[in-house]
**Student:** 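Just dropping this structure here.
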Amino acid sequence: KPMTAHLVEDTPKPKKAMKRKVEELGEEFGYLQRKCRELGIPVLIVVEGWSAAGKGFLINRMIQPLDPRGFKVTCIASPNRDEQLRPFLWRFWRRTPSAERMAIFDRSWYRNLLDEVVDRNLSEPDLEKAYADIRSFERQLRDSGTVIFKFFLDISKKEQALRLQALRENPNTSWRVDDGVLARHYKYDEYKKVSKQMFEETDVVDGAHWQVIDTTKFLPATVQILETLVNLLQSKVEKRKNGIKFIRNCPAAELPKFKDAPSLARVDTSLTLGKEDYKEKLCARQKRIHELQNELYRLRIPMVIVYEGWDAAGKGGNIRRLTEEMDPRGYEVIPISAPNDVEKVHHYLWRFWTEFPKAGHLTIFDRSWYGRVLVERVEGFCEENDWKQAYREINEMEENFHHFDSVIVKFWVHIDKDEQLRRFEARKGNPAKLWKLHDEDWRNREKWDSYQQAADEMFLRTHSNYAPWTIVEGNCKRYARIKAMDVVIDAIEKKIEKKVRAAK
């Protein structure tokens, strides 16, 4: 597609008039920051561009009129060791703004991507995956109401050379011109070429549009940046003040649909396993899982396991048997309940991204992001367009994990309605287990059919080849535990085999 970003012309305006314009725009920007905070509109500002193009100076001019309690400036450098062990967008998801904040990035997810392309460290397929992940990331933020600005500060190679020389000659700033900065300057033409590709791949006119700003002269550049910020935020604030909320549009024809998706109607809950057979298989499976956990760590393969299912289906007992012989330093179980106040003001996927395991480690989610299309859908905690949109967002998040070479296993632990009632009554009569039974369990039981319908559609929309669903027949707890361990073992062994084969 054609590049839609445009250069800002340095129109000749009297300096005094432009300074007055900066003051006026600054006052309006400060007002809009407060209104965005009041109305719950998150704002994300990305500042990319050439070294010595004036990022620090222009960010400083941008934030002067703002309430410092309502924004955070993040300077992005090369990823540290902890960040390298996770998907490259992980560190940016953690820093996305809440509904009460404005996030300003001095460089962003684009910086290291450009370096990797210029240094030829990315294959063409990997680059396509990276751009697909970025487009999904930015669209998901926009779809949650985040206003995104993307500025690229532009100067000529000659102008950059002059500024770098001036920085090097000043003892107070010479440290800023390191070998990496000089290397990028010498590769100016290559960076210009890959930057153009970046615009073409990630420019979205109605939502995440690149503004290429000529910063040869800072005053007109400041005016242009502030005008861009003010004009769009005014529009967003006016719409929200007039009661126009952000509405997702998710046509039924665009909903994902996967062949061979499982269905609860076809589950045979009569499957059982004898006690002696269970003991023998349990010991063998747990020993194998312990061995495979070490292989995951050695090969730096992350793993995510999701447990969903009915109340009292046995998820907790299943997880305990799965992890009983694991090294506790290499896994974590994350129990998911209703979001807290901090989580509510972020994108609903934010709290799950932050818990993604390091490469070589394993995270087990006892309930998960699928609450969006289960509990929130059935209980009416979100709008219909919200949970419909979530199918694509969830698939994209899991695909992002897959691009990072993760193992993804998803379980639905299934019991029939009579078995659930029997377990509820057993808990009710056992003081040691009464804490497991809550009023909401009984309320959820009354909506069994609605939850089953939601679960079946969840399978249909999210049963991808990189993150398929496995229904675990759970009326017999012994059978369910062994089946879950068999699925985990098989998934790890296949990933290890693929990893070893690729390394040859």
Side-chain angles (χ1 to χ4, degrees), residues 4-50 52-75 97-108 141-142 145-155 159 199 203-242 244 246:
T4 54
H6 62 275
L7 291 173
V8 177
E9 296 181 357
D10 180 12
T11 54
K13 291 184 178 180
K15 185 176 289 188
K16 185 177 293 187
M18 279 196 286
K19 287 184 177 180
R20 189 162 56 246
K21 184 69 172 176
V22 167
E23 292 178 5
E24 293 171 355
L25 289 168
E27 290 178 3
E28 182 65 15
F29 187 37
Y31 164 78
L32 290 168
Q33 179 211 19
R34 296 190 295 274
K35 294 306 294 182
C36 285
R37 186 172 186 174
E38 177 186 320
L39 296 169
I41 302 174
V43 179
L44 175 59
I45 302 172
V46 170
V47 183
E48 287 284 355
W50 302 104
K55 290 181 290 295
F57 174 83
L58 288 167
I59 289 174
N60 188 51
R61 296 302 298 268
M62 191 189 305
I63 65 175
Q64 285 307 304
L66 300 181
D67 181 345
R69 297 167 296 181
F71 72 86
K72 181 175 182 179
V73 176
T74 300
C75 184
S98 68
E100 301 171 346
R101 302 276 286 179
M102 179 182 292
I104 302 171
F105 285 86
D106 177 0
R107 300 199 182 276
S108 65
L141 293 178
R142 297 197 311 272
T146 301
V147 183
I148 300 177
F149 296 91
K150 297 192 296 190
F151 297 108
F152 187 92
L153 308 189
D154 190 44
I155 51 176
E159 177 67 19
F199 299 144
D203 186 79
V204 179
V205 176
D206 186 22
H209 180 46
W210 278 105
Q211 298 281 346
V212 181
I213 310 294
D214 184 351
T215 59
T216 305
K217 294 185 178 180
F218 287 128
L219 194 52
T222 304
V223 170
Q224 183 63 27
I225 288 174
L226 288 174
E227 283 182 336
T228 302
L229 294 167
V230 166
N231 290 340
L232 183 54
L233 291 181
Q234 280 178 338
S235 173
K236 298 293 184 181
V237 166
E238 284 304 312
K239 287 181 179 179
R240 188 65 64 88
K241 283 168 63 177
N242 292 329
I244 303 175
F246 184 85

**Student:** Is Pro220 close to Met18 at the side-chain level, that is, under 4.5 Å between some pair of heavy atoms?
**Tutor:** yes
**Student:** About how many Å separate CZ of Phe29 and CG of Leu233, when rounded to the nearest 0.5 Å?
**Tutor:** 6.0 Å
**Student:** Report yes if the side chains of Trp210 and Phe151 come closer than 4.5 Å at any heavy-atom pair, otherwise no.
**Tutor:** no
**Student:** Glu100: which residues meet the side chain to side chain contact (heavy atoms under 4.5 Å, CB included) condition with it, sequence neighbours left out?
**Tutor:** Arg37, Ser98, Val345
**Student:** Do the side chains of Ile45 and Leu229 get nearer than 4.5 Å, heavy atoms only?
**Tutor:** yes
**Student:** Over all heavy atoms of both residues, which pair between Gly145 and Ile41 is shortest? Give the atoms and the distance, please.
**Tutor:** O-CG2, 4.1 Å
**Student:** So Lys21 and Leu25, do their side chains get closer than 4.5 Å, heavy atoms only?
**Tutor:** yes
**Student:** Run the side chain to side chain contact (heavy atoms under 4.5 Å, CB included) test against Ala52 and tell me which residues pass, sequence neighbours left out.
**Tutor:** Arg163, Leu164, Leu167
**Student:** Once rounded to the nearest 0.5 Å, what's the spacing between atom CZ of Arg240 and atom CD of Glu38?
**Tutor:** 11.5 Å
**Student:** To the nearest 0.5 Å, tell me how far Asp106 CG sits from Ile59 CD1.
**Tutor:** 4.0 Å
**Student:** Among all residues two or more places apart in sequence or in another chain, which pass the side chain to side chain donor-acceptor pair (under 3.5 Å) test with Ser235?
**Tutor:** none
**Student:** Is a side-chain donor or acceptor of Lys150 paired with a backbone partner of His209 at a separation under 3.5 angstrom?
**Tutor:** no
**Student:** How about Val223 and Thr228: do any of their side-chain heavy atoms sit closer than 4.5 Å?
**Tutor:** no
**Student:** How close do Gly26 and Leu226 get, heavy atom to heavy atom, and via which atoms?
**Tutor:** N-CD1, 4.3 Å
**Student:** Any heavy-atom pair between the side chains of Gln211 and Phe152 that's under 4.5 Å?
**Tutor:** no
**Student:** Applying side chain to side chain donor-acceptor pair (under 3.5 Å), name anything that partners Gln234, two or more places apart in sequence or on another chain.
**Tutor:** Glu28
**Student:** Taking ring pair (Phe, Tyr, Trp, His ring centres under 6.0 Å) as the definition, give me every residue that meets it alongside Tyr31, ordered by chain and number, with sequence neighbours left out.
**Tutor:** none
**Student:** Show your working on side chain to side chain contact (heavy atoms under 4.5 Å, CB included) between Leu58 and Ile63 and close with a plain yes or no.
**Tutor:** CA-CA 9 Å; Leu58 288 167; Ile63 65 175; over 6 Å; no
**Student:** Between atom CG of Leu66 and atom CD1 of Ile104, what is the distance when rounded to the nearest 0.5 Å?
**Tutor:** 6.0 Å
**Student:** Give me each pair satisfying side chain to side chain donor-acceptor pair (under 3.5 Å) with a member in residues 54-63, each pair once, sequence neighbours excluded.
**Tutor:** Asn60-Gln64
**Student:** Would you call Arg20 and Glu23 a salt bridge, taking side-chain N to carboxylate O under 4.0 Å as the test?
**Tutor:** no
**Student:** I need the Thr216 OG1 to Asp154 CG distance, nearest 0.5 Å.
**Tutor:** 7.5 Å
**Student:** Just to verify, what does Glu24 make a salt bridge (charged side-chain N to carboxylate O under 4.0 Å, His left out) with, not counting sequence neighbours?
**Tutor:** none
**Student:** Do the side chain of Thr146 and the main chain of Arg142 share a donor and acceptor less than 3.5 angstrom apart?
**Tutor:** no
**Student:** Output the distance between atom CG (Leu141) and atom CD1 (Ile148), rounded to the nearest 0.5 Å.
**Tutor:** 5.0 Å
**Student:** Taking only residues two or more places apart in sequence or in another chain, which ones pass side chain to side chain contact (heavy atoms under 4.5 Å, CB included) with Leu232?
**Tutor:** Val147, Phe149, Lys236
**Student:** List the residues meeting side chain to side chain contact (heavy atoms under 4.5 Å, CB included) with Ala103, not counting sequence neighbours, and say none if there are none.
**Tutor:** Leu44, Pro97, Phe105
**Student:** Apply salt bridge (charged side-chain N to carboxylate O under 4.0 Å, His left out) to Arg107 and list each qualifying residue two or more places apart in sequence or on a separate chain.
**Tutor:** Glu48
**Student:** Taking only residues at least two apart or on different chains, which pairs with a member in residues 217-241 satisfy ring-ring contact (aromatic ring centres under 6.0 Å, His included)?
**Tutor:** Phe57-Phe218
